[in-house]
Amino acid sequence: GTPTFMEALAANGTTNIPTSVTGVTGSKRRFIDDRRDQPFDKRLRFSVRQTESAYRYRDIVVRKQDGFTHILLSTKSSENNSLNPEVMKEVQSALNTAAADDSKLVLFSAVGSIFCCGLDFIYFIRRLTDDRKKESTKMAEAIRNFVNTFIQFKKPIIVAVNGPAIGLGASILPLCDVVWANEKAWFQTPYTTFGQSPDGCSSLTFPRIMGLAS
């Protein structure tokens with residue numbers, strides 16, 4: 001039968017909600033280095049993509065389930081479910097489809113042990129060698145369109161965070177309606193570390209949620 005919403009949450013390991021988040025230190029590089037003993041489970045991604053009800057994209061999996069649409073990050077064009085323009089366009093496409101169909105809500109999650117590592121800097125840096133100004137403008141436009149899709153989406157978006165959410169992977173969370181996190185989830189926005197300005201409207205949403213001092 002078609003999985004229920006709570007079963008889909010349980011499949012992402014997010015039925016237990018922590019009351020605090022700890023261990024938010026270090027950079028993305030340290031994060032990757034420290035967790036090399038926890039490889040991405042390609043068998044799990046294959047299993048998810050073989051689900052009969054899954055719509056196949058390159059970097060996401062979309063399941064149309066009873067009353068809701070389930071969108072899962074499962075990136076092939078980037079590592080650790082990080083976001084490049086191709087990934088963001090696929091998420092936007094899935095959200096636009098869900099906005100127009102009979103889905104009551106969207107469940108957004110990820111395959112594997114990592115939720116989202118934010119922007120794909122490797123993708124971006126490789127393209128800076130061609131035309132720095134042009135590629136910077138394209139990336140900025142891709143981020144703007146991606147974030148606006150979450151802001152303008154009229155149905156509820158429920159997020160199941162099953163692991164680290166870094167940078168843009170964390171800053172889009174306040175743009176959603178409900179965020180569930182399991183005990184392996186942690187959140188980090190290393191903007192100053194990477195000389196990057198805050199994205200995803202986080203300079204507005206974070207102070208509203210956590211207070212200006214935090």
Side-chain angles (χ1 to χ4, degrees), residues 8 11-14 27-29 31-51 53-64 69-98 106-128 135 138-147 149-150 157-173 175-176 179 181-182 184-190 194 196 199-200:
N12 280 272
T14 50
S27 66
K28 281 187 182 179
R29 184 176 298 277
F31 157 70
I32 298 299
D33 290 342
D34 289 348
R35 287 160 179 80
R36 282 179 176 163
D37 60 332
Q38 300 176 12
F40 186 86
D41 193 340
K42 294 182 180 179
R43 292 173 302 173
L44 178 59
R45 178 164 62 190
F46 178 80
S47 175
V48 169
R49 286 185 174 273
Q50 293 305 307
T51 302
S53 60
Y55 294 86
R56 288 165 179 78
Y57 291 78
R58 181 182 180 183
D59 291 302
I60 64 174
V61 175
V62 180
R63 291 171 172 171
K64 183 66 188 301
T69 297
H70 192 177
I71 302 173
L72 301 98
L73 285 174
S74 178
T75 60
K76 287 186 175 180
S77 64
S78 68
E79 293 184 357
N80 300 308
N81 289 335
S82 56
L83 302 169
N84 59 43
E86 282 74 17
V87 179
M88 290 187 274
K89 284 178 183 177
E90 289 196 352
V91 174
Q92 288 174 248
S93 174
L95 285 173
N96 290 334
T97 299
V106 165
L107 173 61
F108 186 53
S109 62
V111 177
S113 58
I114 298 170
F115 175 68
C116 178
C117 272
L119 289 177
D120 184 355
F121 286 113
I122 295 177
Y123 176 98
F124 183 45
I125 291 170
R126 283 174 179 168
R127 280 152 183 79
L128 285 179
E135 293 301 325
K138 285 172 60 177
M139 179 63 87
E141 189 66 24
I143 297 170
R144 184 181 299 111
N145 292 336
F146 179 71
V147 171
T149 301
F150 281 84
I157 301 178
I158 315 300
V159 187
V161 183
N162 60 314
I166 303 173
L168 187 58
S171 64
I172 61 170
L173 298 179
L175 304 179
C176 303
V179 178
N182 69 8
K184 295 180 180 179
W186 53 271
F187 308 86
Q188 185 180 28
T189 50
F194 294 101
Q196 182 186 4
D199 53 23

Looking only at heavy atoms, what is the nearest atom pair of L119 and Q196, with distance? CD1-NE2, 3.4 Å
Output for pair (I157 CD1, L175 CG), nearest 0.5 Å, gives 8.5 Å
Determine the minimum heavy-atom distance between S78 and N81, stating which atoms define it. OG-C, 4.4 Å
Shortest non-hydrogen separation from V87 to S82 and the atoms involved: CG2-O, 3.8 Å
Between E141 and R144, is there a side-chain N and carboxylate O pair less than 4.0 Å apart? yes
Compare all side-chain heavy atoms of N162 with those of S109 and state whether any distance is below 4.5 angstrom. no
Straight-line distance of F108 CZ to L72 CG, nearest 0.5 Å: 9.0 Å
Closest non-hydrogen atom pair, F115 against G163: CB-O, 3.8 Å
Distance in Å, T75 OG1 paired with I114 CD1, rounded so as to fall on 0.5 Å steps: 9.0 Å
How would you list, by chain and number, every residue that makes a side chain to side chain donor-acceptor pair (under 3.5 Å) with E86, sequence neighbours excluded? Y123
Return the minimal non-hydrogen interatomic distance between G167 and D199, and the atom names on each side. C-OD1, 4.2 Å
CZ-CG distance between F121 and N84, expressed to the nearest 0.5 angstrom: 12.5 Å
Which distance, rounded to the nearest 0.5 Å, do you find between the CG of D120 and the CG of D59? 9.5 Å
Go through the steps to decide whether V179 and V161 satisfy the test side chain to side chain contact (heavy atoms under 4.5 Å, CB included), and finish with yes or no. CA-CA 7 Å; V179 178; V161 183; 3.8 Å; yes
Using the side chain to side chain donor-acceptor pair (under 3.5 Å) criterion, which residues pair with S93? Sequence neighbours excluded. none
The reported gap from CG in L83 to CE in M139 (rounded to nearest 0.5 angstrom) is 9.5 Å
Under the side chain to side chain contact (heavy atoms under 4.5 Å, CB included) criterion, do K184 and S113 qualify, and how do the steps go? CA-CA 8 Å; K184 295 180 180 179; S113 58; over 6 Å; no
Side chains of Q188 and P164, heavy atoms from C-beta outward: is any pair under 4.5 Å? no
Go through the structure and list residues passing salt bridge (Lys or Arg N to Asp or Glu O under 4.0 Å) with R126, not counting sequence neighbours. none
Heavy-atom pair of closest approach, residues L168 and M88: CD2-SD, 4.3 Å
The single option from L95, V62, I158, V159 passing side chain to side chain contact (heavy atoms under 4.5 Å, CB included) against V106: L95
